[in-house]
Amino acid sequence: MPTPPETEKPPLLPSWRAWYALVLAALAAELVFFTLLTRYFA
């Protein structure tokens with residue numbers, strides 16, 4: 001198996017755990033945002 005060239009970029013996030021944390025954080029931020037939004041307009 002050949003080694004990748006030095007110019008090749010590494011993956012955006014190294015593991016599935018990082019993606020999982022990112023998705024959970026995005027969902028939590030969305031929930032907080034809509035909660036504050038509905039309280040503001042209530």
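FYI, side chains are in, hydrogens and waters are out, and symmetry mates aren't considered; it's all heavy atoms of this structure.
With sequence neighbours excluded, the residues that form a side chain to side chain contact (heavy atoms under 4.5 Å, CB included) with L27 are V23, E30.
When hydrophobic side chains of Ile, Leu, Val, Met, Phe, Trp and Tyr are connected at separations under 4.5 Å, F34 ends up clustered with F33, L37, Y40, F41. In the hydrophobic clustering, where aliphatic and aromatic side chains (Ile, Leu, Val, Met, Phe, Trp, Tyr) are joined below 4.5 Å either directly or transitively, L31 stands alone.
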